[in-house]
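Quick notes on the structure that follows.
Quick note: residue numbers are just sequence positions, from 1. Side-chain atoms are counted along with the backbone in the values below, which use heavy atoms only and exclude waters and symmetry mates.
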Amino acid sequence: MPAAGRTYWLTEPCRIRREDNSIRIERPDGSPVRIPITDIRDLVTFDHVDLNTSAMSLLSRHGVTVHVLDHYGNHAGHFAPAEAMSSATVVRRQVEITADPHQRLPIARALLLATAENLRWALDTDLLDPALEALRTNLPDCHDTDTLMGQEGNFRRTAWAVLDTRLPTWLRLNGRTRRPPTNAGNAFISYLNALVYARVLTALRSTPLHPAIGFLHADTDRRRNTLALDLAEPFKPLFAERLLRRAASQKSLKPGDFETDVGRASLSTDGRKKIAALVRDELATTVYHRTLRRQVSYEELIHLEALKFVRLCLEDTPYKPFRPWW
């Protein structure tokens, strides 16, 4: 992996303080947890966090990112170290590629097709084959990102309708809703998508790439790190839809894991703990990498995907998006 340490998931309200060269996490029950700063790669917070400047200074000095998820699972923001690893050479090349439609659009099309194929793989059903074939046919005729995103939206709506047939009534999406999600299924997808985005952003910050210069989302979302949005796309089905389907089949999710109100839903405290454990275990899952000839974790797959963009910028190596091979 590119950085030492590991990810810590803070699923309850807490205070983060500095204690010498360690971070002290003060929990509601009064039992503090002390973690050496060298053991932390990043922090993912699911609830209210009180972070003072002394702790922020220590985190920044050691390159630790703090991701903040809001009550409904959206990635509300992050605290990033002041010194990034971005390279002027790589950033200039990123800008050149994104400014040239003839270079940028093939990358955007490849990302969307890989995402759709990964979603079909995650749901493991031939019911999506006609929609996937239609997407393959239509993508070459899409000459701007808005049209590309429209084609992706059509495919995703079909996929989510198929996913609903695999879910119990109380977990069905009944159409994708965000900010806030309107039911338990949408709350699950929102949280998982935000966690994938956080993992991607951490991976990008260990490369010379600039996370705000993307190829697909640059014109459709100007407020966030669009390269992180791009890189997250092919991995979302691996975690969000796939894990929702698995949790439903194993009956590991319960209505009590969610807080629901009229027109809105979110994970409960117990639900956040359950999701954090689920994602942590999944990120640690390993598969045999045929090129590296060794086992790699899902977490490392995300970092390896970021390095593909580095090679694109430095060596003009064509970008081939991630697809599961197992």
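- Sorted by first and then second residue, the ring pair (Phe, Tyr, Trp, His ring centres under 6.0 Å) pairs with a member in residues 141-163 form an empty list; sequence neighbours excluded.
- Below 30°, between 30° and 60°, or above 60°: for Tyr197 and His75 the angle between ring planes is above 60°, a perpendicular geometry.
- For an aromatic pair to be called close, the ring centres must be under 6.0 Å apart, and Tyr298 with Trp326 satisfies this.
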* To do: Using the side-chain contact (heavy atoms from CB on, under 4.5 Å) rule, take Ile23 and Val33 through it: C-alpha gap first, then chi angles, then the decisive distance, then the call.
  => CA-CA 8 Å; Ile23 290 296; Val33 176; over 6 Å; no
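- In terms of heavy-atom proximity, Pro101 sits nearest to Pro106 at O-CD, 3.8 Å.
- Summarising the geometry, atom OG1 belonging to Thr11 is positioned 7.0 Å from atom CZ belonging to Arg272; distances are rounded to the nearest 0.5 Å.
- In terms of heavy-atom proximity, Arg242 sits nearest to Ala122 at CB-CB, 3.8 Å.
- Counting only heavy atoms from C-beta outward, the side chains of Leu51 and Leu59 approach each other to under 4.5 Å.
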For residues 258-267, dump all side-chain donor-acceptor pairs below 3.5 Å to protein atoms at least two apart in sequence or in another chain.
| unit_1 | atom_1 | unit_2 | atom_2 | d |
| --- | --- | --- | --- | --- |
| Arg264 | NH1 | Tyr72 | OH | 3.0 |
| Ser266 | OG | His71 | NE2 | 3.0 |

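- Closest approach of Leu304 and Arg311 over heavy atoms only: O-NH2, 4.4 Å.
- In this structure, Thr207 contributes its side chain and Leu204 its backbone to a donor-acceptor pair below 3.5 Å.
- Looking at heavy atoms from C-beta onward, Leu192 lies in side-chain contact with Val279 at the 4.5 angstrom threshold.
- Ion pairing of Asp42 with Arg199 is present here, as a side-chain N (NZ or NE/NH1/NH2) and a carboxylate O approach within less than 4.0 Å.
- Around atom NE2 of His289, more than 12 heavy atoms belonging to other residues, nucleotides or ligands sit under 6.0 Å away.
- Glu133 has no carboxylate O lying under 4.0 Å from a charged side-chain N of Arg120, or vice versa, which leaves the two without a salt bridge.
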* Report the C-alpha separation of Thr145 and Arg104 in whole Å, then their side-chain angles, then the decisive distance to 0.1 Å, and conclude whether the side-chain contact (heavy atoms from CB on, under 4.5 Å) test is met. => CA-CA 10 Å; Thr145 51; Arg104 176 184 171 190; 3.6 Å; yes
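- Contact annotation: the side chain of Val90 never approaches that of Phe309 to less than 4.5 Å [non-hydrogen atoms, C-beta and beyond].
- Separating the CG atom in Leu171 from the CZ atom in Phe188 is a distance of 8.5 Å, to the nearest 0.5 Å.
- At least one side-chain heavy atom of Leu195 sits under 4.5 Å from a side-chain heavy atom of Phe46.
- Looking only at atom types and distance, the side chain of Ser22 has no donor-acceptor partner in the side chain of Arg17 under 3.5 Å away.
- Val196 and Val68 fall into different hydrophobic clusters, where Ile, Leu, Val, Met, Phe, Trp and Tyr are joined by side-chain heavy atoms under 4.5 Å apart, directly or via other members.
- A pairwise comparison of heavy atoms in Leu119 and Ala159 identifies CD2-CB, 3.4 Å as the closest pair.
- Nearest heavy-atom pair across Arg245 and Leu167 is CA-CD2, 4.4 Å.
- Taking hydrophobic clusters as Ile, Leu, Val, Met, Phe, Trp and Tyr residues chained together by side-chain heavy-atom distances below 4.5 Å, Phe322 does not share a cluster with Tyr288.
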* **Trace of the salt bridge (Lys or Arg N to Asp or Glu O under 4.0 Å) decision for Arg27 with Glu12** => CA-CA 7 Å; Arg27 299 181 292 183; Glu12 296 181 338; 5.7 Å; no
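- In this structure, a donor-acceptor pair under 3.5 Å is present between the side chains of Asp144 and Thr147.
- Looking at Thr202 and His67, their side chains do bring a donor and an acceptor atom within 3.5 Å of each other.
- Ion pair Arg156/Glu233 flagged as a salt bridge, since at least one NZ, NE, NH1 or NH2 atom sits closer than 4.0 Å to an Asp/Glu carboxylate oxygen.
- A salt bridge links Arg93 to Glu96: one of the charged nitrogens lies within less than 4.0 Å of a carboxylate oxygen.
- Checked for salt-bridge contact, Glu282 and Arg246 meet the test: a charged N lies under 4.0 Å from a carboxylate O.
- Residues Trp170 and Leu243 fall within the same hydrophobic cluster, defined by Ile, Leu, Val, Met, Phe, Trp and Tyr side chains chained together at heavy-atom separations under 4.5 Å.
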* Are Lys308 and Glu315 close enough, and set up right, to give a salt bridge (Lys or Arg N to Asp or Glu O under 4.0 Å), and what steps lead you there? -> CA-CA 10 Å; Lys308 292 181 184 178; Glu315 305 168 3; over 6 Å; no
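- The side-chain heavy atoms of Glu26 and Cys14, taken from C-beta on, include no pair separated by under 4.5 Å.
- Ser60 has its side chain within reach of Phe79: a pair of non-hydrogen atoms, C-beta onward, lies under 4.5 Å apart.
- Side chain of Asp126 to main chain of Asp129: no donor-acceptor pair is present (N/O by atom type, distance under 3.5 Å, no hydrogens or angles).
- Contact annotation: the side chain of Leu10 never approaches that of Val44 to less than 4.5 Å [non-hydrogen atoms, C-beta and beyond].
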* Asked: Going through the checks in order, is the side chain to side chain donor-acceptor pair (under 3.5 Å) test met by Asn138 and Asp141?
  -> CA-CA 6 Å; Asn138 293 333; Asp141 296 326; over 6 Å; no
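- Thr158 contributes a side-chain N or O that, together with a main-chain N or O of Asn154, makes up a donor-acceptor pair within less than 3.5 Å.
- Heavy atoms of other residues, nucleotides or ligands lying less than 6.0 angstrom from CG of Asp316 number more than 12.
- Across Thr226 and Ile213, no two heavy atoms sit closer than the pair OG1-C, 3.9 Å.
- Here the straight-line distance linking atom CG of Leu135 with atom CZ of Arg109 works out to 11.5 Å at 0.5 Å rounding.
- Distance check: Thr45 OG1 to Ile16 CD1 gives 7.0 Å after rounding to the nearest 0.5 Å.
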* Evaluate the side chain to side chain donor-acceptor pair (under 3.5 Å) criterion for residues Arg176 and Ser190: first the C-alpha distance (whole Å), next the side-chain angles of each, then the deciding distance (0.1 Å), finally the verdict. => CA-CA 10 Å; Arg176 185 76 175 98; Ser190 289; 3.2 Å; yes
* To do: Go through the steps to decide whether Thr115 and Asn118 satisfy the test side-chain contact (heavy atoms from CB on, under 4.5 Å), and finish with yes or no.
  => CA-CA 5 Å; Thr115 300; Asn118 293 354; 5.7 Å; no
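- Between the side chain of Arg136 and the main chain of Ala131, no donor-acceptor pair closer than 3.5 Å is present.
- With hydrogens and angles disregarded, no donor-acceptor distance shorter than 3.5 Å links the side chain of Asn225 to the backbone of Ala228.
- Put simply, the side chain of Pro318 does not reach to within 4.5 Å of the side chain of Leu312, judged on heavy atoms.
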* Could you give me the CA-CA distance, side-chain angles and deciding distance for Val95 and His210, then say whether side-chain contact (heavy atoms from CB on, under 4.5 Å) is met? => CA-CA 10 Å; Val95 173; His210 196 297; over 6 Å; no
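- The distance from atom CG of Asn186 to atom CG of Leu173, rounded to the nearest 0.5 Å, is 5.0 Å.
- Look at Arg294 and Glu300 and you find a salt bridge, because one of the NZ, NE, NH1 or NH2 atoms lies within 4.0 Å of a carboxylate O, short of that distance.
- One finds the CD atom of Glu152 at 11.0 Å from the CG atom of Leu113 (value rounded to the nearest 0.5 Å).
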